[in-house]
Asker: 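Supplied in structure tokens, the structure appears directly below.
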Amino acid sequence: MESTRIDTLRRDRLRLVRAGTLHWVHWLIIGGSLAITIGAWHLSSSQAEEKVEASFEREAERVPHLVIERLQKYEDALWAGAAMLASHDDRRVTYDQWVAYAAGLNLENKYPGINGIGLVAAGEASDIPSMVAHERDRRPDFRIHPAHDHAESFPIIYIEPVALNAKAVGLDLAHERNRRTAILQARDTGQARVTGPIVLVQDAARTPGFLFYVPIYRTGAVDTVDQRRERFAGLVYAPFMMNELMRGVLAKELRHVGVRVSDGSDVLYDEHVASDADFDPDPLFRRNVEFEMHGRVWTFDIRSRRSFRAASVSYQPLTILLAGLFVDAMLGLLFVLISRANRRALQHADAMTAALEERSGALVASNRELEQFAYVASHDLQEPLRMIASYTGLLAEEYQGNLSEEADEYIQFAVQGAHRMQQLIDDLLEYSRVGRSDEPLETADCHLLTEWAIEDLQLVIEDAKAEVVLHELPTAECAPTLFRQVMQNLVANAVKFRGAAPLRVEISASWTAGRWVFAVRDNGIGMDMAQADRVFEIFQRLHAREDYEGSGIGLALCKRIVSRTGGDIWVESAPGQGATFFFALEAAEVMAVAA
Amino acid sequence: MSARKRVLLIEDNRADARLMAKALARLDAAVDLWVVGDGAEAQEYLRGASRCGADSDAIPDLIFLDLNLPGVDGRSILRDRQADPDWPSVPIVVLSSSRAATDITASYQLGAWSYVRKPVDYPGFVRMVKLALDYWLDTVVPAPRPSAKR
């Protein structure tokens with residue numbers, strides 16, 4: 001029994017030793033948690049990248065569409081001018097009418113970026129004098145310029161607001177290839193056309209610009225190129241400075257992308273310049289898209305800018321990574337602390353065990369000393385006692401009749417004293433012996449043990465004419481010899497303290513609070529409950545020696561025996577009412593109190 | 001077999017030895033009492049007696065042995081006799097104040113014939129001596145002793 005307990009303890013200790021070191025489960029958990037952290041970081045950063053790319057795509061798509069949309073609006077305005085002219089038979093309005101029309105368009109506010117809206121006449125070079133003459137009625141300084149060798153003549157007749165475009169009035173657009181080609185295309189296709197990049201005459205800064213044409217035809221079918229050439233009456237046009245157009249279209253500060261617009265190798269508009277503070281020489285994203293722009297192909301080169309970099313920085317992946325690593329580190333720390341705590345607990349337990357072993361060693365030594373003492377007491381204390389008693393007795397015998405009666409009585413007292421002394425010494429030894437008894441616990445038949453105890457007392461029981469009733473007792477875990485000794489002492493005690501009535505001793509057992517409680521009931525003299533505790537103390541007597549014999553060791557022995565296994569002994573009694581001694585060999589079960 | 005029996009008392013306490021003598025006198029026993037007060041001396045004596053032969057007069061008819069002796073104690077003497085192949089069967093009665101189980105068990109294991117606790121009072125002592133003499137000297141039939149040493 002003891003050895004299995006020690007084995008269990010040893011196993012528990014080994015378990016503690018294992019718990020005191022980090023082993024593969026801990027590493028697995030830390031490794032798994034690290035993998036999850038890195039996975040989450042990776043996922044989050046790739047998501048963030050996708051988000052950034054999507055946001056670039058969105059912006060990159062928006063820029064050309066805004067430009068296209070804006071040009072569409074301008075085209076509508078030009079077509080409106082063409083429609084207005086179509087309501088006049090000769091496709092011609094007076095200067096004042098044009099001024100009024102242009103004013104009505106409210107160019108400055110409604111069409112930002114457009115420099116003006118003009119009317120271009122279509123004729124032969126030979127028509128120039130008559131065209132000039134016609135305009136000079138109203139505008140004496142009107143002239144068509146510059147002179148050129150082409151057969152056609154496309155002079156700008158009106159351009160409003162004239163203040164911004166004075167240099168363009170009378171400009172013959174046929175003089176220059178770029179301007180003329182677009183006009184011929186517009187004429188032949190019947191559609192709006194833009195020129196390639198040009199420098200507007202009215203632009204002193206000489207920035208890139210272009211002209212936007214819409215053709216006007218005289219009444220009649222214009223389904224074929226020939227019919228269109230036949231009936232071509234002129235154009236409504238608008239000059240653009242690219243910078244102005246883009247400024248109107250794109251609010252730069254709201255964008256995180258820059259754009260360069262090119263027509264072939266000619267750059268129309270360029271934000272990719274190192275002087276721009278937001279320019280990113282190494283853009284995160286770039287995209288080239290081409291759009292057909294009324295006869296021209298415009299290339300939009302869109303690149304992310306510095307501000308895009310700043311706006312696209314996401315702290316989420318880094319946060320996830322750092323937080324995850326922090327948690328992992330805490331986890332690792334926790335494991336280390338737990339294992340260290342386990343190691344400390346183990347050290348502590350080992351130290352305690354060592355201390356206990358030391359103490360138990362000391363206890364063994366002390367027990368051995370006590371045994372030695374007991375032996376010495378039993379022998380060496382009794383030798384002188386015997387000498388006193390024997391020689392007093394010898395004295396009494398040899399001087400019989402020579403001593404007074406009183407002297408004989410003295411001698412008798414001395415001998416009696418020696419006898420009592422020997423009894424006390426024997427009782428003390430017995431008391432010390434049961435306390436050190438190492439009789440093992442075993443499952444024993446308590447009924448049989450009690451029967452034997454009663455048999456041992458047969459003589460005194462018969463002397464007292466007592467009736468002993470033994471009820472069925474259980475088989476229980478106990479130290480048999482000690483159990484028998486307790487029973488014997490209790491029955492002997494009952495017999496000793498019998499009253500006047502015939503003595504009846506009843507022995508029974510009951511299962512109470514998870515243990516067997518044995519009871520020895522008598523109808524003897526009983527006792528005052530105030531004295532009840534004293535009866536279990538060694539050499540305590542409630543009665544005079546003359547009335548009841550004995551050294552007063554019996555009940556003390558019983559208490560010492562039941563205490564050895566953690567049990568209890570107690571008495572219930574009243575003077576003259578008999579007494580019931582109860583004892584249990586085990587501690588009562590502590591009942592769990594339901595909350 | 002001589003009429004007077006030889007009783008050997010091995011006892012270091014002179015008062016006790018005196019008590020034995022008194023008791024024998026009181027009983028008017030036909031015995032010669034030899035007292036040896038020292039364990040070592042007793043051991044030497046018994047070894048010598050054993051060498052003299054089983055029918056030697058040096059061999060007592062009854063031995064009272066006090067267990068607690070200074071130096072060579074009662075146990076050693078018992079062990080010594082047990083180990084001696086020439087030693088005849090002589091009743092050895094151990095006398096002791098001790099009631100300790102170890103003393104009692106050891107004595108019987110080492111060949112004691114009886115273990116007697118010394119009575120406290122004189123009448124008890126006399127009664128004990130009488131019983132022992134009556135039993136071991138007059139009642140028990142001793143093992144026959146070879147007439148000469150082989």
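Protein chains get the first letters and strands the later ones, always in sequence-line order, with residue 1 at the start of each.
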Asker: Between CD of A:Glu383 and CG of B:Asp12, what distance do you get to the nearest 0.5 Å?
Answerer: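 The CG atom of B:Asp12 is 8.0 Å from CD of A:Glu383, to the nearest 0.5 Å.
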Asker: Sort by residue number and list every member of residues 123-131 of chain B having a non-hydrogen atom under 4.5 Å from chain A.
Answerer: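 Interface residues of residues 123-131 of chain B: none, nothing closer than 4.5 Å to chain A.
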Asker: Should we say atom CZ of A:Arg534 is surrounded by more than 12 heavy atoms from elsewhere, each under 6.0 Å from it?
Answerer: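 Yes.
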Asker: Only heavy atoms, only distances under 4.5 angstrom. Which residues in residues 385-396 of chain A are near chain B?
Answerer: A:Arg386, A:Met387, A:Ala389, A:Ser390, A:Tyr391, A:Gly393, A:Leu394
Asker: If you count the non-hydrogen atoms of other residues, nucleotides and ligands that lie under 6.0 Å from CD in A:Glu442, is the total more than 12?
Answerer: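 Yes - once you tally the heavy atoms of other residues, nucleotides and ligands closer than 6.0 Å, there are more than 12.
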Asker: Can you tell me if B:Tyr108 has over 12 outside heavy atoms packed within less than 6.0 Å of its OH?
Answerer: yes
Asker: Should we say atom NZ of B:Lys118 is surrounded by more than 12 heavy atoms from elsewhere, each under 6.0 Å from it?
Answerer: yes
Asker: Among residues 13-25 of chain B, which residues come closer than 4.5 Å to chain A, judged by heavy atom distances?
Answerer: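 Residues in range: B:Asn13, B:Ala15, B:Asp16, B:Arg18, B:Leu19, B:Lys22.
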Asker: Write out all pairs satisfying side chain to side chain donor-acceptor pair (under 3.5 Å) with one or both partners inside residues 485-498 of chain A, taking only residues at least two apart or from two chains.
Answerer: A:Glu430-A:Gln485
Asker: Check whether more than 12 heavy atoms from other residues, nucleotides or ligands sit under 6.0 Å from atom CG of A:Asp533, and answer yes or no.
Answerer: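 Incorrect, the count does not exceed 12.
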